[in-house]
Amino acid sequence: MHGGYFLVGGFFAISAFHLWQFTRRSDGAVIVTPDVLMGLRSRTAKMYGESASRFIVYAVGKESAQKAAEKIFGADLSPERIWKKLPHWFRLMGYGELKVIERDSGKEVRLTVRDTFEGRTSGTTGCELTRGYLAGLGTALHPDLDCECVETSCGREADTACQFQLHWFPRVAEPQAIEVASAEV
Ligand SMILES: [Zn+2]
């Protein structure tokens with residue numbers, strides 16, 4: 001019986017340690033409650049419409065996950081290690097039950113996530129922030145390539161797992177800014 005208490009206690013101690021590591025390495029940027037994150041989704045949908053909201057939230061999720069992953073993992077950013085640990089981290093952070101189905105990191109990765117945190121927010125469709133997070137992580141793992149993520153099937157309505165596909169592409173050069181000479185006054 002006491003062994004059970006030790007196991008449960010150990011689990012919470014390890015979880016707390018991991019959370020502490022995340023906050024320490026990321027200045028607390030990762031520890032944001034799902035409610036706050038999803039407020040962004042519902043608020044932008046009301047203000048700018050559904051498709052603009054999807055675009056904004058995906059882009060924000062992608063950028064923040066890329067920065068966080070680079071900062072947290074640094075030189076340890078080995079795709080093999082990250083894909084292996086990702087289900088545990090997703091569960092720990094409350095992002096859902098993630099399962100990697102097919103893994104060819106740098107080309108194509110297919111995975112499912114059950115109980116995404118978008119599922120706790122009514123009035124929105126799709127899982128744009130989860131999609132953005134995955135794309136940002138994919139970009140951080142292969143910095144010479146760009147990564148995009150599509151949600152091929154959202155399971156929120158049917159209470160099944162959402163399906164995502166990550167694809168990597170050669171990075172397109174940023175267009176050069178055209179300098180316009182300012183007229184002298
Ligand atoms: Zn979904």
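First listed ligand is number 1; within each ligand, the first listed atom is number 1.
- Here R110 pairs with I101, E102, E108, Q165 under the side chain to side chain contact (heavy atoms under 4.5 Å, CB included) rule; sequence neighbours left out.
- Counting only N and O atoms by type, the side chains of R156 and T125 include no donor and acceptor under 3.5 Å apart.
- Excluding waters, the count of protein N/O/S atoms less than 2.8 Å from the Zn ion (ligand 1) comes to 4.
- Remark: the Y58 side chain and the E151 side chain contain no N/O donor-acceptor pair separated by less than 3.5 Å.
- Evaluation of the side chain to side chain contact (heavy atoms under 4.5 Å, CB included) rule for D104 yields K107 as partners, not counting sequence neighbours.
- Side-chain N or O atoms of K62 include one that pairs as donor or acceptor with a backbone N or O of C147 at under 3.5 Å.
- For L111, the side chain to side chain contact (heavy atoms under 4.5 Å, CB included) partners two or more places apart in sequence, or in a different chain, are W83, L98, V109, V113, L134, F164, L166.
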